[in-house]
Each structure stands twice: as structure tokens, then as C-alpha cells.
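The next block holds one structure in the form of C-alpha cells; read it before the comments.
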Amino acid sequence: MNVKLIKCRPDRLKGLLLCESVIKPLEQHLYNTGLEQREEAALLAGYIVGKSMGVVTTVILPYTESHSGGCTLPNDITSRCFDTIRRTGQLVLAQVHSHPKRAFHSFTDDEWAFSDSPGLFSIVVPCFGRYGIQKIFTNGVGIYERLTNGDWYPLDSSEIQRRFFVIPNTQIIL
């Protein structure tokens, strides 16, 4: 089977396929920093297949600076993230970060977005990630999509269910 990988993120993705093997370290990372009452961030990278479906293959857990309004990535870390992603031939498909209570896109989230390119998803995990994101539809996770005009569009739960899929891992030992 020939699958054509797209080299640039389209302005609108049909959705994301996320493997459990990517979700688990992300959940653990958010949970651990949440125990310290700190917001945390991560990046999801991967490939575009079929013209507009994102397949997440990599989680990047960068060093962040915490402050009272959340967390930010220092410029040198942001550059290293971009370099790493470019070197692997992947694209940033989503930014993820935790909030202390409910999930919403704050002014800080808008201003400190990892990328201002359309088609990026921003996933906000409530309660410092205490409840995980494995069941992405039921734990109050907020997902926002960057539009071509620069705004962040909030996806409702039915749209999240149509566009985001967690693929289970399977290990078979014979």
C-alpha cells in the first residue's frame, strides 16, 4: 500500500489519530507536574496522510518555565523543538497544556501559542491532567483549532468525537 505523506500542514485537518503509546507518556508528564500544582505543555507531532488526516507518532515534552499565569517555552527550547521536528520530517499537529481547573483557551494560551499557523490544534487538559486524556471525549478536555484568520475555534464534544481517535496499542507475545 502506498501512502502519500503531505509535507506541510493544511489549513484544516479532518482530525487526528493518536496512538495510546503517545498518549501514555503525555498523561504521565501532565500528571507529575500537576502534583506540583504546575501547568505543563507538550507538543504532538506526526504526519499528514490522505491530504488532511493527522497521524500523531511523537510526543515532545519540552522544558517549560512556570509562572502564575501558566507556563511558556523559552525561545531556545522552542527553536530546539522546531529543529527536532524538521529533522525527523514531521509536522507539529497539536500543542497540549494543562490548566489548574477547567479547560479553556486563555489570553496567555492565545498569545503564547507554539505556532500561529492555521490547522494547529490546541488541547487544554483540566485539573492539571489528574484525570488523563485517554478518554479524550469524557474528561472535560478542551480542543481548539487555529483558523486562517488567527482565531482559535472551540470544538464541541460531537465535533471532537468525529475528528479525534485514540488507537489502542496491542502487544501479542506468542
Side-chain angles (χ1 to χ4, degrees), residues 13 15-46 54-82 84-85 88 90-117 119-146 151-161 163-169 171:
L13 290 172
L16 292 183
L17 299 173
L18 303 103
C19 188
E20 280 180 334
S21 62
V22 171
I23 298 275
K24 292 223 184 273
L26 172 60
E27 285 182 323
Q28 191 64 52
H29 184 63
L30 296 177
Y31 179 80
N32 289 343
T33 55
L35 291 174
E36 301 168 6
Q37 301 294 297
R38 289 189 307 119
E39 293 184 29
E40 189 53 272
L43 300 171
L44 299 178
V55 179
V56 177
T57 59
T58 305
V59 60
I60 299 169
L61 306 172
Y63 165 79
T64 59
E65 294 177 346
S66 293
H67 49 81
S68 62
C71 68
T72 54
L73 275 71
N75 288 338
D76 62 321
I77 300 296
T78 301
S79 294
R80 286 177 51 199
C81 288
F82 274 121
T84 301
I85 293 163
T88 62
Q90 297 182 63
L91 300 168
V92 176
L93 302 173
Q95 62 184 30
V96 182
H97 65 284
S98 60
H99 274 193
K101 294 182 181 166
R102 64 184 179 84
F104 65 98
H105 222 259
S106 69
F107 175 77
T108 302
D109 300 337
D110 292 345
E111 292 299 307
W112 289 94
F114 184 75
S115 170
D116 58 4
S117 298
L120 180 74
F121 291 110
S122 183
I123 302 171
V124 186
V125 182
C127 302
F128 291 126
R130 187 177 307 119
Y131 305 111
I133 59 174
Q134 183 76 317
K135 294 181 170 124
I136 203 163
F137 319 121
T138 59
N139 288 334
V141 171
I143 301 180
Y144 299 79
E145 182 176 20
R146 186 70 165 222
D151 290 343
W152 288 100
Y153 170 74
L155 305 183
D156 64 30
S157 60
S158 65
E159 193 167 1
I160 292 170
Q161 289 179 0
R163 296 176 67 188
F164 291 80
F165 305 93
V166 177
I167 303 165
N169 285 352
Q171 248 186 347

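- Partners of S21 according to the side-chain hydrogen bond (donor to acceptor under 3.5 Å, both in side chains) rule, which considers only residues two or more places apart in sequence or in another chain, do not exist here.
- By the 4.5 Å heavy-atom criterion applied to side chains, H97 and V125 are not counted as neighbours.
- F164 and F121 have perpendicular rings, their planes meeting at more than 60° on a 0 to 90° scale where under 30° would count as parallel.
- The line from CG of L26 to CG of L43 is 10.0 Å long, rounded to the nearest 0.5 Å.
- Around atom CZ of R80, no more than 12 heavy atoms belonging to other residues, nucleotides or ligands sit under 6.0 Å away.
- Legend: residues meeting side-chain contact (heavy atoms from CB on, under 4.5 Å) with S117, ordered by chain and number and at least two apart, are R9, S115.
- The two residues C81 and I60 come nearest to each other via the heavy atoms SG-CG2, 4.0 Å.
- Using modelled atom types and a 3.5 Å distance limit, the side chains of E39 and S98 yield no donor-acceptor pair.
- Interatomic distance, L44 CG to I23 CD1, rounded to the nearest 0.5 Å: 7.0 Å.
- With rounding to the nearest 0.5 Å, the separation of CG in L61 from CG in N32 is 10.5 Å.
- Within the model, atoms CD1 of I123 and NE2 of H105 stand 10.0 Å from one another, a figure rounded to the nearest 0.5 Å.
- With sequence neighbours left out, N75 forms a side-chain hydrogen bond (donor to acceptor under 3.5 Å, both in side chains) with no residue at all.
- Taking both residues in full, the closest heavy atoms of G129 and L30 are given as CA-CB, 4.3 Å, listed atom of the first, atom of the second, then distance.
- Between G142 and A103, the shortest heavy-atom distance links the atoms N-CB, 3.5 Å.
- Inter-residue side-chain proximity for E145 and W152 is flagged as unmet; no heavy-atom pair is nearer than 4.5 Å.
- Side-chain contact between V59 and V96: absent, with no pair of heavy atoms (C-beta onward) separated by less than 4.5 Å.
- Taking S79 as the reference, nothing meets the side-chain hydrogen bond (donor to acceptor under 3.5 Å, both in side chains) condition, with sequence neighbours excluded.
- Residues that satisfy the side-chain contact (heavy atoms from CB on, under 4.5 Å) test with P154, not counting sequence neighbours, are Y144.
- In this structure, the ring pair (Phe, Tyr, Trp, His ring centres under 6.0 Å) partners of F82, at least two apart in sequence or on a different chain, are F114.
- T88 places none of its side-chain heavy atoms less than 4.5 Å from the side chain of T57.
- Take H29 and apply the side-chain hydrogen bond (donor to acceptor under 3.5 Å, both in side chains) test, not counting sequence neighbours, and it matches no residue.
- Considering only heavy atoms from C-beta on, S122 stays 4.5 Å or farther from I143 through its side chain.
- Rounding to the nearest 0.5 Å gives a distance of 8.5 Å between CG of L93 and CG of L120.
- Scored by the side-chain contact (heavy atoms from CB on, under 4.5 Å) test, E159 finds R12, Y153, L155, D156, R162, R163 as partners (sequence neighbours excluded).
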